[in-house]
Student: 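Here's a structure for you.
In what follows, every heavy atom counts, from backbone to side chain, and hydrogens, waters and symmetry copies are set aside. In what follows, chains are A, B, ... by sequence order, proteins preceding strands, each numbered from 1. Just so it is clear, the model here is predicted, and its values are computed rather than measured.
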Protein chains: 4
Amino acid sequence: MERAILEAAVALLEEGIPLSALSIERIARTAGVGKATIYRRWPGKEALFLDLLREFEPPDPELPGTSARDDLWTLLESVRRRGLAQRSSVILHNVIVEMKSHPTLWEEYHRTVVAPRREATLAVVRRGIADGEFRADLEPELINDLLVGPMLMHTVHRPGAPLPDDLAERILAAALQGVGPRPQPDPRPEATPHPAG
Amino acid sequence: MERAILEAAVALLEEGIPLSALSIERIARTAGVGKATIYRRWPGKEALFLDLLREFEPPDPELPGTSARDDLWTLLESVRRRGLAQRSSVILHNVIVEMKSHPTLWEEYHRTVVAPRREATLAVVRRGIADGEFRADLEPELINDLLVGPMLMHTVHRPGAPLPDDLAERILAAALQGVGPRPQPDPRPEATPHPAG
Amino acid sequence: MERAILEAAVALLEEGIPLSALSIERIARTAGVGKATIYRRWPGKEALFLDLLREFEPPDPELPGTSARDDLWTLLESVRRRGLAQRSSVILHNVIVEMKSHPTLWEEYHRTVVAPRREATLAVVRRGIADGEFRADLEPELINDLLVGPMLMHTVHRPGAPLPDDLAERILAAALQGVGPRPQPDPRPEATPHPAG
Amino acid sequence: MERAILEAAVALLEEGIPLSALSIERIARTAGVGKATIYRRWPGKEALFLDLLREFEPPDPELPGTSARDDLWTLLESVRRRGLAQRSSVILHNVIVEMKSHPTLWEEYHRTVVAPRREATLAVVRRGIADGEFRADLEPELINDLLVGPMLMHTVHRPGAPLPDDLAERILAAALQGVGPRPQPDPRPEATPHPAG
DNA sequence: ACTTAACCGAGACGGTACGTCATGTCTTCCA
DNA sequence: TGGAAGACATGACGTACCGTCTCGGTTAAGT
């Protein structure tokens with residue numbers, strides 16, 4: 001039942017019906033279900049959307065564990081790819097946007113979906129600090145934001161456009177080495193940042 | 001007249017009325033104005049919101065021009081402070097969110113407000129590259145995102161919370177030097193990069 | 001429900017609200033009912049008025065059957081009395097007037113209410129012709145109009161004024177004998193035909 | 001100016017626009033005139049309609065004066081013909097209907113147009129009584145209504161249909177001689193209508 | 001000829017009503 | 001018992017008119 005209703009909602013979205021036209025009445029009609037049946041399960045449209053989001057949430061990526069850098073690359077890549085997922089992309093962006101106007105629901109979404117993901121990245125960063133891959137004099141949160149933030153900037157400024165393949169790699173490299181002037185006196189080829197490889 | 005209407009909308013928002021309850025009828029009633037008067041000026045609720053956003057747009061900060069670093073610090077600080085603006089903060093965040101569901105309007109907001117701001121930062125970054133303050137082997141956009149992105153991460157994850165005073169400074173420092181392990185063998189003190197001032 | 005709405009409409013009319021101020025919004029408000037509830041039952045204001053008219057339609061009078069003349073007197077009297085009906089009178093006149101601007105509805109009212117009434121009178125007239133009470137060389141319709149028409153003239157020219165008690169009797173008498181000069185040579189009194197009763 | 005406005009109203013009516021869609025705004029637009037210009041001349045839509053009616057009022061017919069009967073025939077014929085007037089007919093009927101909901105205006109129309117016409121017929125009837133053409137024992141009003149009423153019945157029951165050519169003649173004849181059984185030369189007291197049963 | 005008033009079109013204004021739609025609650029009736 | 005069906009009160013939607021009101025821009029007369 002629950003499924004039938006969510007499927008109906010998705011079906012409508014995929015038909016091109018804009019999110020703002022997704023009334024409960026319409027979903028009920030499409031699902032061949034009484035309105036009351038929907039209200040019995042969700043307190044409102046937005047709560048239904050939340051479940052709809054969870055429906056599409058891709059699984060967390062499996063981390064290689066070879067190094068903090070590699071793990072972070074994997075995580076950033078999963079962020080990038082999520083932005084490309086066929087059905088989701090634009091649709092889900094709008095769902096999220098809509099849901100943001102319901103603080104309670106957004107809070108729950110953040111708590112159960114966004115925050116855990118952030119926590120996972122943070123854990124990797126902390127491990128990287130412990131292993132000497134990251135500077136120990138910086139807060140893990142700062143390092144995390146320095147890596148993930150640039151990723152989001154792309155989607156803000158180029159909505160709809162696919163993120164470049166090497167974006168994760170380039171962000172990681174730049175963030176690790178810094179964007180300040182290269183220490184020229186150093187003659188070393190510097191290839192990978194950690195010299196004693 | 002236009003002002004009176006926008007003021008009425010803001011007044012309602014400040015009374016705690018949620019954005020979703022901001023019907024045109026209500027705004028008109030509050031402003032003591034006929035509905036037609038609103039429709040004569042804006043094609044719909046969201047277009048009105050766009051003007052409401054512009055209303056609160058703070059002026060662009062004046063750049064010191066002493067160095068790219070100082071200019072960027074000023075720009076990041078203005079981003080931070082904008083998040084604290086008394087009336088706006090949470091309210092405007094919601095307005096933006098709402099408006100995102102109207103692609104046309106959002107596109108215009110981006111074009112006339114967001115993009116120019118980004119362009120200003122990018123110009124500073126380019127100058128910094130030319131002056132040798134930033135690595136020349138990186139795209140200006142990447143450097144820009146590396147600095148601005150982390151700023152936004154804060155507001156995403158801690159909505160409503162004020163951004164720490166030294167956030168801009170810490171982001172700049174970390175981004176310039178990189179978050180990879182410090183090149184310890186180097187004995188030079190390399191003086192912590194002086195902040196703006 | 002239907003009743004409650006019609007009652008509300010009548011209540012407003014009786015309060016002296018002019019028909020032109022009888023908006024559906026107002027009726028709904030007075031009846032404590034949503035607008036949709038009204039639109040679910042009637043396609044518009046005028047259709048509602050039609051039901052309002054039917055509400056007040058008095059029952060057809062019972063005919064004595066003693067003679068065509070007596071039956072017609074009864075029918076004319078019922079026309080006269082209908083003009084005096086307490087609540088209706090002026091109000092209903094206006095309702096009818098209003099409804100006339102909706103050809104379809106007026107057609108229906110005529111078909112279901114007016115025409116049957118006319119047919120009933122015509123039937124009596126035809127019987128009267130067959131029985132020799134009326135001239136056989138005249139069309140029944142002409143005779144009918146000659147009797148009913150004068151009745152209506154009164155209401156046209158003296159709106160609101162009550163019709164005189166003996167109007168039906170006087171019309172009948174005059175129509176039967178004709179308004180031309182009396183055939184003087186005839187000395188017979190020919191006793192004005194005693195009315196019903 | 002006044003004319004231009006009335007013409008515009010008529011033009012719209014003749015285009016088939018229903019009376020209910022004849023807003024002042026529309027008339028003003030069609031006439032190429034400001035709304036205020038209309039309001040300066042008429043207090044409202046219905047008052048304008050009144051002038052519109054007067055516009056179409058045909059001239060009173062010229063009476064032959066040969067006899068009351070002939071004069072009345074002429075008057076009845078003019079009533080009949082008025083119902084056929086090309087532009088007016090249905091349109092004007094609706095205008096009248098509409099105007100009836102404004103008691104004041106209707107009263108004025110009645111006083112200045114309808115009543116004088118009735119008075120003219122009544123005068124002829126009175127003359128007919130004096131000349132012995134009509135029974136002297138009947139009120140002139142009754143005789144008048146007996147002649148004019150049947151005329152109106154036709155338009156009530158067959159709206160739009162043209163009135164038959166000989167209608168006036170037939171009404172006059174029937175009314176003068178009466179619709180009761182003809183006083184056959186038969187000397188018998190006429191007891192049962194069909195003698196040779 | 002120059003001013004000044006009247007009048008014009010245009011259309012904005014605060015309102016009210018239109019008829020439609022969606023909300024969330026509530027029966028009703030069927031399986 | 002629980003679900004579909006949908007009626008219900010509420011209220012926003014965007015449009016159209018209402019009747020009043022400024023606006024400038026002609027005209028016209030009066031000086």
Student: So C/Ala28, base contact, sugar-phosphate only, or nothing? Heavy-atom distance under 4.0 Å.
Tutor: nothing
Student: Which whole-number value in Å describes the distance from A/Glu2 CD to F/dG3 C1'?
Tutor: 14 Å
Student: Among side-chain atoms of D/Tyr109 and D/Glu46, is any donor-acceptor pair under 3.5 angstrom?
Tutor: no
Student: Quick one: is E/dC7 close enough that its OP1 or OP2 comes under 4.0 Å of any side-chain N or O from D/Arg40?
Tutor: no
Student: Between C/Val33 and B/Lys45, who's closer to the 5' end of DNA chain F by nearest nucleotide?
Tutor: C/Val33
Student: The side chain of D/Ala36 lies closest to which of these nucleotides: E/dG11, E/dC26, E/dA22?
Tutor: E/dG11
Student: Using a heavy-atom cut-off of under 4.0 Å over every strand shown, decide if C/Lys35 touches base, sugar-phosphate, or nothing.
Tutor: base
Student: Measure CD/B/Glu25 against P/E/dA17 and give the value in whole Å, please.
Tutor: 13 Å
Student: Please determine whether a side-chain nitrogen or oxygen atom of B/Thr37 lies at a distance below 4.0 Å from atom OP1 or OP2 of E/dG14.
Tutor: yes
Student: Can we say B/Glu25 and B/Lys45 salt-bridge, meaning some charged N sits less than 4.0 Å from an Asp/Glu carboxylate O?
Tutor: no
Student: For A/Trp42 and E/dG24, what is the distance between atoms CH2 and P respectively, to the nearest whole Å?
Tutor: 14 Å
Student: From F/dA4, E/dC13, F/dC18, pick the nucleotide closest to the side chain of B/Arg41?
Tutor: E/dC13
Student: For a quick check of understanding: with a heavy-atom distance under 4.0 Å over all strands, which category does C/Gly32 fall into, base, sugar-phosphate or nothing?
Tutor: sugar-phosphate
Student: Under a 4.0 Å N-O cut-off, is there an ion pair linking D/Glu2 with D/Arg40?
Tutor: no
Student: Measure CD1/C/Ile38 against P/F/dT10 and give the value in whole Å, please.
Tutor: 12 Å
Student: What's the CG-P distance between C/Leu22 and E/dT16, to the nearest Å?
Tutor: 17 Å
Student: CD of C/Glu7 to CG of C/Leu12: how many Å apart, nearest 0.5 Å?
Tutor: 11.5 Å
Student: NA contact type, D/Arg26, heavy-atom cut-off 4.0 Å: base, sugar-phosphate, or nothing?
Tutor: nothing
Student: For D/Arg29 and F/dC18, what is the distance between atoms CZ and C1' respectively, to the nearest whole Å?
Tutor: 13 Å
Student: Rounded to whole angstroms, how far apart are OH on C/Tyr39 and P on F/dC8?
Tutor: 16 Å
Student: Which is more 5' along DNA chain F, the nucleotide nearest B/Ile24 or the one nearest C/Ala31? Just name the residue.
Tutor: C/Ala31
Student: Can you identify which nucleotide, out of E/dT20, F/dG19, F/dA9, has its nearest atom closest to the C/Met1 side chain?
Tutor: F/dA9
Student: Is it the case that over 12 heavy atoms from other parts of the model lie below 6.0 angstrom from the CZ atom of A/Arg3?
Tutor: no
Student: Nearest whole angstrom, please: distance from the C1' of E/dG19 to the CD of C/Glu46.
Tutor: 13 Å
